[in-house]
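Data block below; observations after.
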Amino acid sequence: MIARALGVTRRFGSTVAVDQLDLDVAAGELVGLLGPNGAGKSTLISLLVGLRKPDSGRVELFGGDPRDARFRRELGMTPQETGLPTTLRVGEVVSFVSRHFPDPLPAGELLERFGLSGLEKRQTGGLSGGQKRRLAVALAFVGRPKLVVLDEPTTGLDVEGRRALWEGVRHFHAEGGTVLLTSHYLDEIENLASRVVVVGKGRVIADGPVDHVRGLVAVSRVSLTCPVPPPLDGVVHSEREGDRWELHTPDADALVRHLVRADVPFTALQVRPASLEEAFLTLTGETS
Ligand code: ADP
Ligand code: MG
């Protein structure tokens, strides 16, 4: 295992930020940690990279204690909040960081991967917010790490900036790199991650392929126009707006068969699967 948490708990006063959590990240995986604000994602990451110490349980990085620098040598990391010295030029920042590593990526290649080509001479204070964020993320890759940990890498980026960043992450992963990233953007997890770990209230709520996690709460949304209240067999939640009904059910086929058999006078039937976002809200118990 490249990174591992074993029964890890971390409190801040009376808040239990991470609660007896287990997580394994194997070589070559691209794992997305998904969860609402306050779920404990950043705290978990700070424990895994050795910035904080668990109150109980154990954390391993490359088989050792991440608080020992020897085990962080092959780690690249971008925290949720970063700052860049505003008067330094992009090229200077990259070369400053590069000098900490024996075999850094050439600056030009690094900047190109993250859509920052041609900005070497720009002072970081003159970059757009999105460019700053991409530079901060790119710096995690300078030392050719084996594991990159990115906390909310695309927060504040526009669509184009997010795509450029995803490209950089995909490139790294395609070459065998291991990635652990947090996000509350569901399309980000769907686009990037092969495995999603849903975190809520400091615990792992679900862990598996994106499809599997969606499947855990495979609620379909059946909408129809109907002048009379339809039967609600197997419906877990219903909403009504005039004659238009939206029925949430784990088994849309059974519901529709039942509606037909009962001769319910419905029209304009629509069935759609719950999005990952809806699944996520159901999993964390925040909705419907
Ligand atoms: P996330 O990254 O998923 O938004 P965090 O790990 O930042 O979640 O926070 C988890 C919980 O721990 C929250 O309730 C947060 O308020 C609390 N917390 C995090 N860091 C600190 C801190 N340094 N001091 C006090 N409470 C904290
Ligand atoms: Mg966070």
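In listed order, ligands and their atoms are each counted from 1. Only this structure's heavy atoms are used, side chains among them; waters, hydrogens and symmetry mates stay out. Counting from 1, the numbers follow the sequence of the chain as shown. Since this is a predicted model, take the numbers as computed values, not measurements.
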Tell me whether E112 at atom CD has more than 12 heavy atoms from other residues, nucleotides or ligands lying less than 6.0 Å away. no

Got a donor-acceptor contact below 3.5 angstrom from the T154 side chain to the R162 backbone? no

Whether R10 side chain and V18 backbone form a donor-acceptor pair below 3.5 Å: no

Would you say the side-chain atoms of Q80 and S42 include a donor-acceptor pair closer than 3.5 Å? yes

Is K201 paired with D19 through a side-chain N to carboxylate O contact shorter than 4.0 Å? no

How about atom 15 (C) of ligand 1: does it have a protein heavy atom within less than 4.0 Å? no

Ligand 1 atoms in contact with R52 (distance to a heavy atom under 4.0 Å): 23 (N)

Under 2.8 Å from the Mg ion (ligand 2), can any N, O or S atom of T182 be found? no

Nearest-contact summary for atom 8 (O) of ligand 1 - protein heavy atom, Å: G40 N, 3.1 Å

Please assess E120 against E92 for the test side-chain contact (heavy atoms from CB on, under 4.5 Å), listing each intermediate value before the final yes or no. CA-CA 8 Å; E120 282 92 335; E92 290 171 330; over 6 Å; no

Side-chain donor-acceptor contact under 3.5 Å, T9 with D55: no

For atom 12 (O) of ligand 1, closest protein heavy-atom neighbour: A17 CB, 3.3 Å

Heavy-atom nearest pair, P145 first then L75, reads CB-C, 3.8 Å

With the threshold set strictly below 4.0 angstrom, can you tell me whether any protein non-hydrogen atom sits that near atom 24 (N) of ligand 1? yes

Worked verdict on L150 versus T182 for side-chain contact (heavy atoms from CB on, under 4.5 Å): CA-CA 7 Å; L150 307 172; T182 75; over 6 Å; no

In terms of atom number and element, which parts of ligand 1 are under 4.0 angstrom from non-hydrogen atoms of S42? 1 (P), 2 (O), 6 (O), 7 (O)

One finds that the ligand 1 atoms under 4.0 Å from a non-hydrogen atom of T15 are 12 (O), 14 (O)

What protein heavy atom sits nearest atom 4 (O) of ligand 1, and how far away is it? G38 N, 2.7 Å

Taking only non-hydrogen atoms of A39 and a 4.0 Å limit, the atoms of ligand 1 in range are 1 (P), 3 (O), 8 (O)

Out of T43, I45, T182, whose heavy atom is nearest to atom 5 (P) of ligand 1? T43

I'd like to know: is the Mg ion (ligand 2) within the 2.8 Å range of an N/O/S atom from S42, strictly under that distance? yes

Starting from atom 27 (C) of ligand 1, what is the nearest protein heavy atom, named by residue and atom, and what distance separates them? F12 CD1, 3.3 Å

